[in-house]
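Heads up: the structure comes next, in structure tokens.
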Protein chains: 2
Amino acid sequence: MTSARTPTGAVPRGRRAGRSTGDDRETAILATAERLLRERPFGDISIDDLARGAGISRPTFYFYFPSKDAVLLTLLDRVTEEANAAAGDVLDRLAEDPRARWRELIARFHAAFGGHRDVVLACAQVRGTNPEVRRLWAEVLERWVRAVQAAIESERARGAAPDGLPARDLAIALNSMNERVWYATFAGDGPAVAERDVVDVLLDVWLTAIYRTTTPPPVRSPAGTP
Amino acid sequence: MTSARTPTGAVPRGRRAGRSTGDDRETAILATAERLLRERPFGDISIDDLARGAGISRPTFYFYFPSKDAVLLTLLDRVTEEANAAAGDVLDRLAEDPRARWRELIARFHAAFGGHRDVVLACAQVRGTNPEVRRLWAEVLERWVRAVQAAIESERARGAAPDGLPARDLAIALNSMNERVWYATFAGDGPAVAERDVVDVLLDVWLTAIYRTTTPPPVRSPAGTP
DNA sequence: GAGGCCAGTCAACACCCTGTCGAGTCGATT
DNA sequence: AATCGACTCGACAGGGTGTTGACTGGCCTC
């Protein structure tokens with residue numbers, strides 16, 4: 001865990017070293033994992049399944065990934081990158097139309113996660129048992145919490161949002177809610193919000209918690225004017 | 001799963017049948033589980049650990065519990081019963097002083113879960129891999145969701161809370177938030193609200209989501225009068 | 001083109017954990 | 001004392017993980 005970093009600075013989760021034809025094997029393993037995840041839970045997939053699905057033997061699997069969890073971690077990396085990209089700079093343009101922008105943010109995350117629900121669900125399931133997944137998820141969440149915290153503070157600064165809870169605590173609570181609600185919606189077990197409604201339900205709670213109203217004012221609008 | 005119910009109607013999770021001296025063995029297993037859970041995660045505890053801790057051999061363990069997970073399920077039963085008892089009839093007395101009652105509700109749950117955080121954390125961790133735990137937790141959550149939903153509807157009926165999201169969706173979102181926020185606070189990994197503040201943070205989001213204000217009016221108070 | 005290096009490959013092994021089976025012990029009935 | 005049911009465990013089967021050591025074949029070097 002102390003050497004061999006990729007050009008982007010991330011710790012490589014795949015092959016131990018070198019570069020060569022084995023690239024397609026690595027992607028075959030990843031593809032097999034995503035495919036199998038669509039039919040059964042992560043815990044019911046053995047390394048042998050992954051290896052055979054990629055056309056190699058079990059020991060050879062270890063040449064490409066140090067463990068089954070590392071495969072999932074790689075998959076999670078992709079999803080979070082996609083989610084981050086989808087979020088873009090929406091939060092920087094909040095004041096234009098707060099309600100529309102917050103909705104856009106939530107809807108984009110919803111789309112990004114929903115598009116890879118099997119991976120997201122599997123990660124949520126192993127987060128309990130795997131410190132690596134837990135750490136990575138914590139990092140990702142921390143990043144979003146900070147962004148939301150900054151956005152709340154900025155909305156307060158321009159007078160659109162009233163003071164209240166520490167912005168960080170509020171950001172943690174709202175992000176946590178989203179995570180858990182999405183999980184239930186995607187997993188479909190236990191009480192869940194219908195997928196069709198989930199974005200608007202989350203949005204409503206966000207707006208009321210941040211602005212005390214579901215129709216926050218855009219920039220430079222005098223108080224009381226719609 | 002079709003016979004042998006306890007007096008209360010619950011499916012017994014412990015010994016297969018009969019009653020006798022083995023009672024203390026059963027409690028010894030439970031006690032060992034709670035003790036071990038305090039020092040390491042559930043996944044790192046083997047059935048052998050549980051058995052030896054209770055002074056019996058591994059096969060004998062199976063006389064008392066069908067699996068390791070069943071032990072955890074029994075522990076979870078206790079905690080949820082305690083939480084339900086702690087909640088009491090607080091929601092029926094909401095109108096007296098909404099803010100104080102909601103706070104009481106959240107604070108009591110916090111105390112109940114916090115008092116058995118190791119068990120709660122372990123359950124959250126295996127929920128991903130164990131259908132039984134998932135089902136039980138879903139049931140418990142459903143019960144609370146229904147109670148909160150009814151309370152919201154009643155607050156709306158008396159004019160204390162404005163209309164808005166379907167009460168059930170709102171109840172799901174708020175309960176989900178609490179679950180996830182508590183988990184982070186107790187687990188201590190990732191962004192979390194400080195334990196000292198968590199009740200008030202959650203309360204604030206509940207109140208604004210339900211009432212659009214943090215100071216909802218008590219019963220029969222004319223609008224605008226504190 | 002002989003030698004060597006190295007990515008890539010897998011059979012076989014050591015290990016750990018789970019769940020079950022069958023043979024037993026022991027105290028309380030009948 | 002014969003029987004029954006609660007209770008106990010040694011031993012086994014099965015399935016998963018991670019490692020080892022030998023082998024292959026392309027490619028570079030001298």
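By convention in this document, chain letters (A, B, ...) are assigned in the order of the sequence lines, proteins followed by strands, and residues within each chain are numbered from 1.
- Side-chain proximity of A:F63 to the nucleotides D:dC9, C:dA7, C:dG19 is greatest for C:dA7.
- Comparing D:dT8, C:dC13, C:dG19 by their nearest atom to the side chain of B:R25 picks out D:dT8.
- Straight-line distance from the CG atom of A:D24 to the P atom of C:dA7: 16 Å, rounded to whole Å.
- Under the side chain to side chain contact (heavy atoms under 4.5 Å, CB included) rule, A:H110 has a single partner from A:V198, A:L202, A:L105, which is A:V198.
- The closest side-chain donor-acceptor pair between B:D77 and B:T74, if any, does not fall under 3.5 angstrom.
- Among the nucleotides D:dT8, D:dT19, C:dC17, the one closest to the side chain of A:P59 is D:dT19.
- Picking from C:dT18, D:dT17, C:dC10 the nucleotide with the shortest atom distance to the side chain of A:I56 gives C:dC10.
- B:I45 places its CD1 atom 18 Å from the P atom of C:dC16, with the value rounded to the nearest Å.
- Classification of the A:F113-A:W182 ring pair by plane angle, with boundaries at 30° and 60°, yields perpendicular.
- Picking from C:dC10, D:dG18, C:dT20 the nucleotide with the shortest atom distance to the side chain of A:S57 gives C:dC10.
- D:dT19 atom P lies 12 Å from atom CZ of A:F61, rounded to whole Å.
- Look at OH on A:Y62: it is 12 Å from P on D:dG16, rounded to the nearest Å.
- For A:S67, counting side-chain heavy atoms from C-beta on, the closest listed nucleotide (C:dT9, D:dG18, D:dG16) is D:dG18.
- Phosphate contact (OP1/OP2 of C:dT9, side-chain N/O of A:Y64, threshold under 4.0 Å): present.
- In this structure, a donor-acceptor pair under 3.5 Å is present between the side chains of B:E179 and B:W137.
- Between the P atom of C:dA14 and the CZ atom of A:R58 lies a distance of 14 Å, rounded to the nearest Å.
- Following rounding to the nearest Å, A:D49 (CG) and D:dG16 (P) show an atom-to-atom distance of 8 Å.
- Relative orientation of the B:W144 and B:F109 rings is perpendicular, given thresholds of 30° and 60° on the angle between their planes.
- For the pair B:K68 NZ and C:dC16 P, the computed distance is 16 Å after rounding to whole Å.
- Taking atom CZ of B:R52 as the reference point, atom P of D:dT8 lies 15 Å away to the nearest angstrom.
- For B:T60, the listed nucleotide lying nearest its side chain is D:dT8; candidates were D:dT8, C:dC10, D:dT17.
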